**Q** 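Would you mind keeping the following structure in view while I ask a few things?
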Number of protein chains: 2
Amino acid sequence: MRTSAERGTRERILEVAESSLAECGYHGTRLHRIAERVGIQKASLFHYFPSKDDLYRAVLDEGLDETEQTVRQVLDGGGSPSEKIRQLLEAYVEMVAQHPDRTKILLRQSLGDAPASYHQPPDAHRVLSAVVAFVSEGQRIKEFAPIDPVALTLGVVGMVAFFFTSAPVLAPAWCGDPGNPTIVERVKEHVVEVVARCLGIGHEPTVAAAKVAIA
Amino acid sequence: MRTSAERGTRERILEVAESSLAECGYHGTRLHRIAERVGIQKASLFHYFPSKDDLYRAVLDEGLDETEQTVRQVLDGGGSPSEKIRQLLEAYVEMVAQHPDRTKILLRQSLGDAPASYHQPPDAHRVLSAVVAFVSEGQRIKEFAPIDPVALTLGVVGMVAFFFTSAPVLAPAWCGDPGNPTIVERVKEHVVEVVARCLGIGHEPTVAAAKVAIA
DNA sequence: GTCTATATAGGGATAGAC
DNA sequence: GTCTATCCCTATATAGAC
């Protein structure tokens with residue numbers, strides 16, 4: 001059983017570590033700086049985490065867990081496929097927007113920015129598969145237009161991640177001030193619109209279909 | 001004037017450095033390893049590049065230059081907006097596919113993985129602006145459907161980068177073997193299709209338009 | 001232009017007092 | 001649970017012979 005003081009310090013370390021790992025990457029992160037920002041000595045960190053690797057994994061696991069939870073929660077809920085995919089995208093964008101540091105770390109991790117000893121868990125595969133299965137089912141019952149579901153899902157993940165990590169550097173004017181709620185809504189609307197157009201949701205049927213109907 | 005031997009070594013260093021920077025990032029890259037793989041002593045590196053920073057910038061500049069060239073070449077060419085955007089996407093995807101290491105480095109760079117002394121040049125802004133201006137013009141003359149051109153461009157960049165950097169880790173089965181030409185064609189087709197649907201290219205007019213036409 | 005040897009600094013991690 | 005002091009290693013970078 002941990003004391004309340006210990007739990008508080010541990011959380012502050014995780015907070016600061018998340019910030020540093022996002023900004024500087026694993027190899028660029030200095031334990032010395034983390035301790036400094038937390039307000040403790042470097043050696044004290046090793047009381048909470050036996051090594052830099054362990055601290056990294058603790059931060060990473062938080063992010064993976066929340067991603068899976070967010071996706072599962074929507075997929076397991078009710079509603080038509082079209083409604084659910086909108087909910088899914090909005091929940092995902094909001095989650096990413098609320099934790100940009102976490103997203104940066106996950107993106108870095110997928111680029112290979114991790115301790116050499118770290119072998120990533122196949123958790124990401126499961127979440128991805130769940131989303132792909134959902135899209136495929138929607139296509140099978142003709143509610144979604146045909147398009148490669150894996151490519152669509154991967155593309156959306158890359159797109160959203162990019163908006164909240166790299167885009168602020170490339171297009172600061174468009175992104176606005178960091179933490180500005182405007183950009184979140186803008187990205188949300190855009191991503192929903194892109195996916196809707198790709199899956200043929202919310203659009204009038206095509207002329208071909210109209211001709212058949214008229215005939 | 002450099003000797004041919006010197007030029008050869010310099011190029012080999014740049015090659016190996018690009019590979020290492022992509023795999024390990026700036027802070028994770030060890031000059032010792034680069035020298036080892038090139039087959040020279042670590043100290044010899046400093047004959048070609050005065051510091052690790054300079055080596056990094058040399059690699060990075062190569063990537064930025066080629067990106068700008070690729071984009072400009074298509075934009076300055078002839079053809080209708082719809083044809084040009086397809087050419088642009090295909091050229092871009094091919095460039096990224098041919099230089100995945102370079103793409104990883106650029107993506108890392110936009111995440112802030114660079115020496116503290118490095119202040120990125122605003123070059124990326126110019127290329128982005130050129131593409132956005134092109135899309136906007138296509139929308140003005142009604143050849144493209146309305147959608148936020150900045151968001152579309154940023155999203156495509158993120159999407160494509162993700163396909164060739166992170167996706168192989170997340171969905172190895174879908175991506176196939178590295179260097180497999182299949183994935184390049186698949187990504188190319190997908191990205192062209194997504195953008196086409198977003199910009200309303202190559203699709204029948206909607207029912208609303210058809211009704212007006214029939215009336 | 002390449003080498004050996006070394007300077008200098010900073011990193012992660014440990015020992016042990018309090 | 002936090003500290004001071006320190007170990008040990010590796011990193012970039014330099015000096016100078018060949």
Side-chain angles (χ1 to χ4, degrees), chain A residues 1-60 105 108-109 112-118, chain B residues 1-60 105 108-109 112-118:
Chain A
M1 180 88 183
R2 295 195 187 98
T3 70
S4 63
E6 184 178 356
R7 191 157 54 241
T9 304
R10 201 189 137 94
E11 281 179 10
R12 289 209 53 192
I13 293 172
L14 281 169
E15 266 178 42
V16 173
E18 182 176 301
S19 158
S20 176
L21 287 169
E23 191 187 351
C24 311
Y26 177 80
H27 294 289
T29 288
R30 308 285 119 129
L31 296 183
H32 165 71
R33 297 255 183 230
I34 292 178
E36 196 176 46
R37 285 173 56 186
V38 172
I40 59 176
Q41 286 298 313
K42 185 178 55 167
S44 302
L45 289 175
F46 292 89
H47 174 72
Y48 297 94
F49 301 94
S51 73
K52 189 180 177 181
D53 276 30
D54 289 277
L55 176 55
Y56 173 74
R57 295 186 197 205
V59 172
L60 196 65
I105 293 169
R108 286 195 130 106
Q109 201 266 342
D113 183 47
S117 68
Y118 188 83
Chain B
M1 182 83 183
R2 296 198 186 96
T3 70
S4 63
E6 184 177 356
R7 190 156 54 240
T9 304
R10 202 188 135 93
E11 280 179 9
R12 289 209 55 192
I13 294 172
L14 281 170
E15 265 178 43
V16 173
E18 183 176 300
S19 159
S20 175
L21 287 168
E23 192 187 349
C24 310
Y26 177 80
H27 294 289
T29 288
R30 307 286 120 125
L31 297 184
H32 166 72
R33 297 257 183 227
I34 293 178
E36 196 175 45
R37 285 173 57 185
V38 171
I40 58 177
Q41 286 299 311
K42 187 178 52 171
S44 302
L45 288 176
F46 292 90
H47 173 71
Y48 297 93
F49 300 94
S51 75
K52 187 181 177 180
D53 277 30
D54 289 276
L55 176 55
Y56 173 75
R57 294 186 197 204
V59 172
L60 195 66
I105 294 170
R108 287 196 130 105
Q109 201 267 342
D113 182 47
S117 68
Y118 189 84

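Here is how names work: the chains are called A, B, and so on, in the same order as the sequence lines, proteins then strands, and each is numbered from 1. The model shown is predicted, which means the values in this text are computed figures rather than measured ones. Computed from heavy atoms alone, side chains included, the values below leave out hydrogens, waters and symmetry copies.
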**Q** Check A:Leu31 against A:Leu45 and note the closest heavy-atom contact, atom names and distance.
**A** O-CD1, 3.4 Å
**Q** In whole Å, what is the span from the CD atom of A:Gln41 to the C1' atom of C:dG12?
**A** 15 Å
**Q** B:Phe46 ring centre to B:Lys52 NZ or CZ under 6.0 Å, with the angle to the axis within 45°?
**A** no
**Q** Between D:dT2, C:dA13, C:dC3, which nucleotide has the shortest distance from any of its atoms to the side chain of A:Tyr48?
**A** D:dT2
**Q** Calculate the interatomic distance between B:His27 atom NE2 and C:dG12 atom C1'; express it in whole Å.
**A** 16 Å
**Q** Rounding to an integer number of Å, can you tell me how far A:His32 NE2 sits from C:dG10 C1'?
**A** 10 Å
**Q** What's the closest nucleotide to the side chain of A:Lys42 if the choices are C:dG12, D:dA13, D:dC3?
**A** C:dG12
**Q** In this structure, how many angstroms lie between the C1' atom of D:dT12 and the OH atom of B:Tyr56, rounded?
**A** 18 Å
**Q** Round to a whole Å and report the spacing from CG of A:Leu21 to C1' of C:dG12.
**A** 15 Å
**Q** Taking only the side-chain nitrogens and oxygens of B:Thr29, find out if one of them lies under 4.0 Å from OP1 or OP2 of D:dT12.
**A** no
**Q** Once you round it to whole Å, what is the distance between P of C:dT4 and CZ of B:Phe46?
**A** 15 Å
**Q** Whole Å only: how far is the CG atom of B:Leu55 from the P atom of D:dA11?
**A** 16 Å
**Q** What nucleotide, of D:dA13, D:dA5, D:dT14, holds the atom closest to the side chain of B:Ala43?
**A** D:dT14
**Q** Counting side-chain heavy atoms from C-beta on, which of D:dA13, C:dA5, C:dG12 comes nearest to B:Lys52?
**A** D:dA13
**Q** I want to check something: taking the side chain as every heavy atom from C-beta on, are B:Thr29 and B:Leu55 in contact at a cut-off of under 4.5 Å?
**A** no
**Q** Could you state the atom-to-atom distance from NE2 of A:His47 to C1' of C:dA13 in whole Å?
**A** 16 Å
**Q** Answer with yes or no whether the side chains of B:Arg30 and B:Ser20 bring together a donor and an acceptor at under 3.5 Å.
**A** no
